[in-house]
Novice: 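Let me give you the structure first, and then I'll get to my questions.
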Amino acid sequence: MLAGVLIIIEAVKKITSQHPIESINIGIIVMLISSAVNFFISRLLLSIVRKQNSIALEADAYHLLTDVYTSAGVMAGLLLIKYTGITTFDIISAVIVAAIIIKTSIKFI
């Protein structure tokens, strides 16, 4: 939850000081790989959860699934920036990702 709050704070700071975003292509590739790996691991963990009935493994599986959504959100923001040149999409995607993190952490609690 703290991570989500800190992301929002940094996004608000960035509104007043626009800096160019470097290495968009590398960021997109990293987010794509991260999403794919986390998706497959979360699916594997969920199948183990069904057999073992482990709350800890279930929480970890949903944590990784949340990482899939957040990585996809970051990747979408980077793609929008790449193709439109509008860097505000970075701030918007950061706030959306932070909201997902906060919502998921509340669910875990």
Side-chain angles (χ1 to χ4, degrees):
M1 186 181 295
L2 179 61
V5 171
L6 292 175
I7 290 169
I8 290 173
I9 290 169
E10 288 302 313
V12 169
K13 286 181 188 177
K14 194 167 184 175
I15 290 172
T16 59
S17 63
Q18 290 286 338
H19 296 288
I21 297 171
E22 300 174 17
S23 305
I24 288 179
N25 291 331
I26 292 172
I28 292 168
I29 292 167
V30 168
M31 292 298 102
L32 181 62
I33 292 169
S34 173
S35 291
V37 169
N38 283 333
F39 177 78
F40 289 114
I41 293 173
S42 69
R43 288 290 160 201
L44 177 62
L45 279 175
L46 285 172
S47 70
I48 293 170
V49 165
R50 288 184 201 103
K51 296 173 188 170
Q52 301 296 321
N53 199 24
S54 168
I55 296 171
L57 287 177
E58 183 178 20
D60 199 34
Y62 284 116
H63 168 245
L64 289 173
L65 202 53
T66 300
D67 286 348
V68 171
Y69 300 139
T70 58
S71 294
V74 171
M75 186 172 55
L78 291 173
L79 285 168
L80 286 168
I81 294 165
K82 180 178 178 172
Y83 291 109
T84 67
I86 301 171
T87 57
T88 306
F89 286 122
D90 184 45
I91 297 165
I92 294 167
S93 66
V95 170
I96 291 169
V97 165
I100 292 169
I101 291 170
I102 291 168
K103 179 183 175 207
T104 303
S105 63
I106 290 169
K107 179 181 173 184
F108 285 151
I109 292 170

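Because the structure is a prediction, the values reported are computed rather than measured. These numbers come from the heavy atoms of this one structure, side chains and all, not from hydrogens, waters or symmetry mates. Residue numbers run from 1 in the order of the sequence given.
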Novice: Any side-chain to backbone donor/acceptor pair from S42 onto F39? Under 3.5 Å, distance only.
Specialist: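 Flag set: sc S42 to bb F39 pair under 3.5 Å.
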Novice: Does S54 reach the main-chain N or O of L57 with its side chain, forming a donor-acceptor pair under 3.5 Å?
Specialist: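 It does hold such a pair.
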Novice: Tell me whether M75 shares a hydrophobic cluster with V30, the cluster being built from Ile, Leu, Val, Met, Phe, Trp, Tyr side chains joined at under 4.5 Å.
Specialist: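 As far as the 4.5 Å side-chain criterion goes, V30 and M75 are connected within one cluster.
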Novice: Kindly indicate whether the side chain of I8, heavy atoms from C-beta on, has any atom under 4.5 Å from the side chain of I102.
Specialist: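 In short, these two side chains touch, coming nearer than 4.5 Å.
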Novice: I need the full list of salt bridge (Lys or Arg N to Asp or Glu O under 4.0 Å) pairs touching residues 69-95, with sequence neighbours left out, sorted by first then second residue.
Specialist: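 Of all non-adjacent pairs touching residues 69-95, those that pass salt bridge (Lys or Arg N to Asp or Glu O under 4.0 Å) are K14-D90.
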Novice: Give, for atom CG of L80 and atom OG1 of T88, the distance between the pair rounded to the nearest 0.5 Å.
Specialist: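 L80 CG to T88 OG1: 11.5 Å, rounded to 0.5 Å.
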Novice: Got a sec, which pairs hit salt bridge (Lys or Arg N to Asp or Glu O under 4.0 Å) with one end in residues 52-75, sequence neighbours left out?
Specialist: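 Residue pairs passing salt bridge (Lys or Arg N to Asp or Glu O under 4.0 Å), neighbours aside: none found.
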Novice: So which heavy atom on I101 is nearest to which on G4, and how close?
Specialist: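 Distance-wise, the nearest heavy atoms are CG2-N, 3.9 Å.
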Novice: Provide the closest heavy-atom pair for M31 versus S71 in the form atom of the first, atom of the second, distance.
Specialist: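 For M31 versus S71, the nearest heavy atoms are CB-O, 3.7 Å.
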Novice: Return the minimal non-hydrogen interatomic distance between S35 and A72, and the atom names on each side.
Specialist: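 Looking at all heavy atoms of both residues, the closest pair is OG-N, 3.6 Å.
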Novice: So which heavy atom on A11 is nearest to which on I91, and how close?
Specialist: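 Scanning both residues, the minimum pair turns out to be O-CG2, 3.9 Å.
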Novice: Any link between I92 and Y83 through a network of hydrophobic side chains (Ile, Leu, Val, Met, Phe, Trp, Tyr) touching at under 4.5 Å?
Specialist: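 Yes; tracing contacts between hydrophobic side chains, which count when under 4.5 Å, links both residues.
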Novice: Could you give the distance from CG (N38) to CG (L64), rounded to the nearest 0.5 Å?
Specialist: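 Here the interatomic distance stands at 5.0 Å.
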Novice: Could you check if a side-chain atom of S47 sits within less than 4.5 angstrom of a side-chain atom of L44, using non-hydrogen atoms only?
Specialist: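 SC-SC contact between S47 and L44 confirmed.
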Novice: Any link between F89 and I100 through a network of hydrophobic side chains (Ile, Leu, Val, Met, Phe, Trp, Tyr) touching at under 4.5 Å?
Specialist: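 The answer is yes; both residues are in one hydrophobic cluster.
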Novice: Is there a side-chain contact between L46 and R50 in this structure, where contact means two heavy atoms from C-beta onward sitting under 4.5 Å apart?
Specialist: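 Result yes, sub-4.5 Å side-chain heavy-atom pair found.
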Novice: Distance from I41 atom CD1 to L65 atom CG, nearest 0.5 Å?
Specialist: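 Taking CD1 in I41 and CG in L65, the distance rounds to 12.0 Å.
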Novice: Are I33 and I26 connected into the same hydrophobic cluster when the rule is that any two of I, L, V, M, F, W, Y join if their side-chain heavy atoms are below 4.5 Å apart?
Specialist: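 Not linked; separate clusters.
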Novice: Do V37 and I28 share a hydrophobic cluster, counting only Ile, Leu, Val, Met, Phe, Trp and Tyr and linking them when any side-chain heavy atoms are less than 4.5 Å apart?
Specialist: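 Hydrophobic grouping puts V37 apart from I28.
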Novice: Of the non-hydrogen atoms in I24 and L78, which two are nearest, and what is the gap between them?
Specialist: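 Heavy atoms of I24 and L78 come nearest at CG2-O, 3.7 Å.
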